[in-house]
Amino acid sequence: MTMEHGEDCCVKVAVHARPLIGDEKLQGCKDCVTVVPGKPQVQIGTHSFTFDHVYGSSGTPSTAMFDECVAPLVEGLFQGYNATVLAYGQTGSGKTYTMGTACKEGTHVGIIPRAMAALFDKIEKLKNQVDFQLRVSFIEILKEEVRDLLDPATVAAGKVENGNGHAGKLSVPGKPPVQIREGSNGVITLSGSTEVHVTTQKEMTTCLEQGSLSRATGSTNMNNQSSRSHAIFTITLEQMRKADPIMASDGMPIEEMNDDYLCAKLHLVDLAGSERAKRTGSDGLRFKEVFTSTEDFWPLATS
Ligand code: ADP
Ligand code: MG
């Protein structure tokens, strides 16, 4: 996990060691990572590695991960701080599970659904003083292509295809593809991705579910493409403080207070398997272009 906005360093790294899953147990696999008691440190053989946090295995229970790593970022949104949470690791390490990118109602609650819940809790508390506007976008970067997972046409097509038992997405003719652009100031922006206005947690969850469906649909037919694609779920929070005129002693307003406006984005990223990122070739090229060319990518602005 990586995040902006911290007190000393703006990037924090937490490790989550997932438990062995059924297949691994059947094959007789054993945990090879031990956590040094009381320290955010893991040991693999004779090597030890220290991080900002370590969860899972014999370390801190992973339920603490959201509270310690992500809840402060959701709080930060309300002060206008952008933030990014990245899940990095090889295929099968638990990125999608931990992020909750492919969450379905009633199943495991990952970071994205929890972030939504925390966001709406806070909005509920503040809604008398502040007007809120929420937008979400959900994109997938696969090789050279940026796919808009919330494109209404894609979502509809994915559903129809699913119904027929044929997995796969249709690209709709006539719709310009999402483009990655670099402005003269070096800021990387995405243009043409769908931004859905949402007002309730349920609506936001629906966006996540529908988008994941578009992503998952693509993956079944194309040999687990999800391990080769980055998925970025972005929540944009706009706030407008409700005008509250300052009264003089005679009860007349002195001046209309300027509306206090804040806008911040939270990017929740389920990266492609890290084993792919190391590769050269077109995947590697795009990965570099998109993710390491400029720190301005985080936060990624959408125009
Ligand atoms: P990735 O997205 O990194 O390829 P997944 O999230 O798909 O990996 O996880 C791989 C498998 O491990 C899945 O079957 C998932 O259910 C399981 N898994 C991942 N994290 C956990 C966890 N914390 N507890 C139990 N099972 C997990
Ligand atoms: Mg995954």
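Whatever order the structure lists them in is the order used to number ligands and atoms, beginning at 1.
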Relative to the heavy atoms of [X], which atoms of ligand 1 are at a distance of less than 4.0 Å?
{"X": "Q90", "value": "3 (O)"}
{"X": "T91", "value": "4 (O)"}
{"X": "H16", "value": "23 (N)"}
{"X": "P19", "value": "22 (C), 23 (N), 24 (N), 25 (C)"}

Evaluation steps, side chain to side chain donor-acceptor pair (under 3.5 Å), between R181 and S191 = CA-CA 7 Å; R181 295 206 184 112; S191 69; 3.2 Å; yes
State whether F132 and K127 meet the cation-pi test: NZ (Lys) or CZ (Arg) under 6.0 Å from the six-membered ring centroid, and within 45° of the perpendicular axis.
-> no
Checking only N/O/S atoms, does T96 have one that is under 2.8 Å from the Mg ion (ligand 2)?
->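 T96 does place an N, O or S atom closer than 2.8 Å to the Mg ion (ligand 2).
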Heavy atom under 4.0 Å from ligand 1: found in I21's side chain, backbone, both, or neither?
->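 I21 to ligand 1: side-chain contact only, backbone stays beyond 4.0 Å.
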Could you check D52, L86, T50 and say which one makes a side chain to side chain contact (heavy atoms under 4.5 Å, CB included) with V13?
->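 Passing option: D52.
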Option among Q133, K265, H197 that satisfies the side chain to side chain contact (heavy atoms under 4.5 Å, CB included) test with T236 |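 The side chain to side chain contact (heavy atoms under 4.5 Å, CB included) with T236 is passed solely by K265 among Q133, K265, H197.
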Just checking, is any N or O donor in the side chain of T194 or D148 under 3.5 Å from an acceptor N or O on the other one?
-> yes
Any side-chain donor paired with an acceptor under 3.5 Å for T199 and E203?
->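 Distance-only check passes for T199 and E203.
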Using distance alone, determine whether Y97 and ligand 1 share an N or O pair under 3.5 Å.
->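 N/O-N/O distance below 3.5 Å exists for this pair.
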Would one find an N or O of T98, backbone or side chain, under 3.5 Å from an N or O of ligand 1?
->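 No, there is no polar N/O contact under 3.5 Å.
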